[in-house]
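One structure below.
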2 protein chains.
Amino acid sequence: MAEWKKDESRIVEPSLWERLERTAPAPRTALTLERIAAAAVELADREGADAVTMRRLATELGVAPMAAYRHVSGKDDLWALMIDRVSAELAVPDEITGWREVLRSFAVQTRELMLRHPWMGRVPAGAVQLTPTRMAVAERQLAALVDLGLDADAMMAAFRAVTSYVQGAVQSEIALREFKEQHGWGSGAEARQALAPQMNYLMESGRYPVYRTYSLAASRKDDPGWEFEFGVDCVLDGIARRLGI
Amino acid sequence: MAEWKKDESRIVEPSLWERLERTAPAPRTALTLERIAAAAVELADREGADAVTMRRLATELGVAPMAAYRHVSGKDDLWALMIDRVSAELAVPDEITGWREVLRSFAVQTRELMLRHPWMGRVPAGAVQLTPTRMAVAERQLAALVDLGLDADAMMAAFRAVTSYVQGAVQSEIALREFKEQHGWGSGAEARQALAPQMNYLMESGRYPVYRTYSLAASRKDDPGWEFEFGVDCVLDGIARRLGI
DNA sequence: CATCGCTTGTGTACGTTGTACACCGCAAGA
DNA sequence: TCTTGCGGTGTACAACGTACACAAGCGATG
C-alpha cells in the first residue's frame, strides 16, 4: 500500500539512538553527540530554554553554527537528545519493587528532575516520548506492574495515568514559578498581594467569589510539593481501587 | 520595599481583559480584540499552531503586519486571547451539581475541546492560566467543591489534581496523534507495525521486554477516550477516598 | 609514498520570525 | 477651525533554523 520511494530510501541510515551508542567512531573529531547533548543541557539549565539556539549552542561548543547538523538532524533531534540525557538522572533503587512505591518514586523524582531542568516543560512534546532512557524508565515502571494479574490495557492505562498527571502538574508548577519570577515576585504572600494588574482586575470584578475566597485562604499554596504528592496519591489510590490491586 | 518606578507607572493602563470587555469603543475601527481573536483561532484550527504568525494573522485580517500590535502587546497576549476564546466552548449544564459529576464533565469536555483545537497543546504554558473564561471554569468547579466540609487547601488540591491530569493526558494524546500524522500513518495496527526506524531499533534491541510485550498486547490502545476516562476516574476515586467525600 | 574517498567542520546565504519606531490620516473635542 | 490622539502603515533590524557548496583531515588502497 505504502508507495516505495527511491531505492536510496532502502538504505536505512542509523537512527539517532543507534549512533549515540556507537563507540567513539573517530578519535580526532571535536564534536560528539555526547558533547553536544551536554553543552545543550548545560546551556538550557543556565539560561533557560529560549537560550538554546543552534547558533548559541555552536558558540558554546566553540564551533561553527552549522557544525552540529552533522550529528543531529535538526532542533527536534537536539531536544530529544537533551531530554534523554537528563532522564538518566532518574534513579529509583532496585530494592523498591512494589508497584505503588515504584510509580510513586518515579513520580516524585520526575518532579524534582523537571524542577531542576525547567526547560523540560517547554520542549515541544512531540519527539519527547521515545528516547531510550525514557523507554527504560517506562520499562521499569511497567515491570513493577506485571505479575499483578492485570491485562495489558489496564497496565498501560495505569502507567500512563500517573505519567500524565505528573507531566501536567509539574508543567503548570513550572509555568507558575516562571510567571512569578518574570514579574519579580518572591514567593507566597507577597506574590498574591501584588498580583498582576490583569489578575487584580479579574479578581476584584466579583465574578469569582469562590476562587477568590479559597485561593486566599489556602495556606499550603506555597508548598507545591505537598499538592503534587496529594495528587499522585489520589491517582495511585484510584488505580489501586479500580484495578483491585 | 518594592521600589517605585517612574510616576508614569502609576497610570495603570487597562489590562487586556478590561479592554476585551469594553463596549465597542470606536465604531469605524477595522480591528477589535474580538476580530483578532476570532481570526487567530480560525487560522490555528485550520492550519495548526505554527501557522499563527503575526504577519500571517495580519494578512488574514486584511491589514498591515503591525496593525494587531495596537490591540495586543505581543504574541503572548494573542495566545492568551485565543485560549480564552475557545475556553468559552466549555459548557457544563447547570443541572449538574455533584462535585464528581462537575469535575468529570469538565474533564471530558476539556479533552474534546483540546482535540478540537489541537494547537492548545502547544501554547507556551505561561500566560494560559489566568484568562477570564478559564477562571470562570475554575470558579464553577470550585463552587462544586464547597459545602463538602473541605478546608481550602484540600479544595484547591483536588481541583488542581484533576486539572493537571487532564492537561498532561490530553497533551500527550495530541502529541502522539500529531506524531503519527506527521509520519503518514493512519491509526492503530498499521502505525505500530510500521514504526519509525528509531522506535524499531530500540524496541528490537531487547532492552524493553515488558514494554514491548504489553504495548503490543494492549488492544484498547486505539481508543484514547477509554484510557483518558480511566485516568480521570482514578483521580476522582482517589480524591473521594482521601478527602472522605 | 601517492591517491582516493569519506567524514566532519566552515562559510555564506536565504527566507521567516517578532517587534521597535517613525509616520500619517482621520474623527472628535475645543 | 485647529488641535489632539487613536489606529493603521511602512520600513527596518536582529535573530532564528537550516540548505548548500566547499575544505581539511584521516583511513584504506595502490
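Each chain gets a letter, A, B and so on, in the order its sequence line appears, and its residues count up from 1.
The shortest distance between the side-chain N/O atoms of A:His71 and the OP1/OP2 oxygens of C:dT7 is not below 4.0 Å.
Look at CG on B:Leu33: it is 11 Å from P on D:dG8, rounded to the nearest Å. To the nearest angstrom, C1' of C:dT8 lies 13 Å from CZ of A:Arg35. Rounded to an integer number of Å, the gap from CZ of B:Arg56 to P of C:dT17 is 9 Å. Rounded to an integer number of Å, the gap from CG of B:Leu57 to P of C:dT16 is 17 Å. Remark: C1' of D:dT11 and OH of B:Tyr69 are 15 Å apart, rounded to the nearest angstrom. In this structure, A:Met54 places its CE atom 20 Å from P of C:dT16, rounding to the nearest Å. Rounded to an integer number of Å, the gap from CZ of B:Arg55 to P of D:dA12 is 13 Å. Remark: C1' of C:dA20 and NZ of B:Lys75 are 18 Å apart, rounded to the nearest angstrom.
The shortest distance between side-chain heavy atoms of A:Ile174 and A:Val170 falls below 4.5 Å.
B:Asp84 approaches B:Arg134 most closely through the heavy-atom pair OD1-N, 4.0 Å.
Under a 3.5 Å cut-off, the side chain of A:Thr53 and the backbone N or O of A:Arg56 do not form any donor-acceptor pair.
Remark on DNA chain C: of its neighbouring residues B:Ser73 and A:Ala68, the 5'-side contact belongs to A:Ala68, judged by nearest-heavy-atom nucleotide. Between A:Asp50 and A:Arg70, the one whose closest nucleotide on DNA chain D sits nearer the 5' end is A:Asp50.
Taking the six-membered ring wherever Trp is involved, the centroid distance between the rings of B:Tyr208 and B:Tyr214 does not fall below 6.0 Å.
When the nucleotides D:dG8, D:dC16, C:dT19 are ranked by their closest atom to the side chain of A:Thr53, D:dC16 comes out on top. Here the side chain of B:Met66 is nearest to one of D:dT11, D:dC20, C:dG18, namely D:dT11.
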